Amino acid sequence: MKTFKEYQNALQDLAWEGDASSKDIFIHLVEEVGEVAKELRTTWRTETLADELGDVLGCLTYLANRNGISLETLADNHVKKLRYREEFGR
């Protein structure tokens, strides 16, 4: 994948979440974040950590897809927010 849009479209085609609600996808996202935490607390193997982070990214993408939000928009808005905080000390 070269772009967020390509990734988002690929996951849309694979849509494992079916009729899952945003709440259900969010709960799964939290579970996957827990897997990342577990990996960091224990073995911290790069390949396993990368796999778990991929699961987090996948859940986040499904949640964005479910709500009609592009990952490009998320990333752009996040950078703007961080720059604002840096500039104004917030």
Side-chain angles (χ1 to χ4, degrees):
M1 304 286 138
K2 292 185 180 183
T3 67
F4 281 134
K5 185 168 181 63
E6 289 174 342
Y7 180 72
Q8 213 162 353
N9 287 340
L11 264 64
Q12 187 73 33
D13 293 341
L14 297 172
W16 65 263
E17 84 280 2
D19 292 333
S21 67
S22 290
K23 179 182 174 184
D24 291 335
I25 297 168
F26 178 73
I27 289 168
H28 190 79
L29 171 62
V30 171
E31 291 170 356
E32 293 298 343
V33 169
E35 292 293 320
V36 170
K38 179 181 173 185
E39 183 60 30
L40 291 173
R41 278 193 323 265
T42 58
T43 58
W44 199 327
R45 293 182 311 235
T46 302
E47 65 277 358
T48 306
L49 182 59
D51 197 39
E52 295 301 341
L53 287 171
D55 291 343
V56 169
L57 180 59
C59 287
L60 182 63
T61 302
Y62 284 124
L63 190 58
N65 283 351
R66 171 69 67 218
N67 291 281
I69 302 168
S70 76
L71 293 179
E72 285 97 351
T73 298
L74 289 177
D76 288 343
N77 289 346
H78 188 102
V79 169
K80 287 176 189 173
K81 179 172 71 174
L82 293 176
R83 287 184 177 145
Y84 178 85
R85 287 179 181 172
E86 185 177 81
E87 183 176 347
F88 295 102
R90 295 183 179 166

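If you're wondering where the values come from, they're calculated on a predicted model, not measured in any experiment.
To the nearest 0.5 Å, the span separating CG on L11 from SG on C59 amounts to 9.5 Å. In this structure, CD on Q12 lies 8.0 Å from CZ on R66, to the nearest 0.5 angstrom. Separation of atoms CZ (F4) and CG (N9) is listed at 13.5 Å; rounding is to 0.5 Å. Interatomic distance, CD1 of I25 versus CG of L29, reported as 9.5 Å (0.5 Å rounding).
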Could you give the side-chain donor-acceptor pairs of residues 37-44 under 3.5 Å, partners two or more places apart or in another chain?
residue	atom	partner	partner atom	Å
E39	OE1	T43	OG1	3.4
E39	OE2	T43	OG1	2.6
E39	OE2	W44	N	3.1
E39	OE2	R45	N	2.8
T42	OG1	K38	O	2.8

Residues 67-78, side-chain donor-acceptor partners within the protein, below 3.5 Å, at least two apart:
residue	atom	partner	partner atom	Å
N67	OD1	S22	OG	3.4
N67	ND2	S22	OG	2.9
N67	ND2	L63	O	2.9
S70	OG	T73	N	3.0
S70	OG	T73	OG1	2.7
E72	OE2	K5	N	2.9
N77	ND2	T73	O	3.4

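Listed by chain and residue number, nothing satisfies the side-chain hydrogen bond (donor to acceptor under 3.5 Å, both in side chains) test with Y7 (two or more places apart in sequence, or in another chain).
Both L14 and L57 are members of a single hydrophobic cluster when ILVMFWY side chains are connected at heavy-atom separations under 4.5 Å. V30 and V33 end up in the same hydrophobic cluster when Ile, Leu, Val, Met, Phe, Trp and Tyr side chains are linked at under 4.5 Å.
A donor and an acceptor atom, one from each side chain of S21 and D24, are located under 3.5 Å apart.
Residues D55 and E35 have side chains not in contact (no heavy-atom distance under 4.5 Å, counting atoms from C-beta outward).
V36 and V56 make their closest contact through CG2-CG2, 3.8 Å (heavy atoms, listed as atom of the first residue, atom of the second, distance).
Residue E6 qualifies as enclosed at atom CD: its count of foreign heavy atoms under 6.0 Å is above 12.
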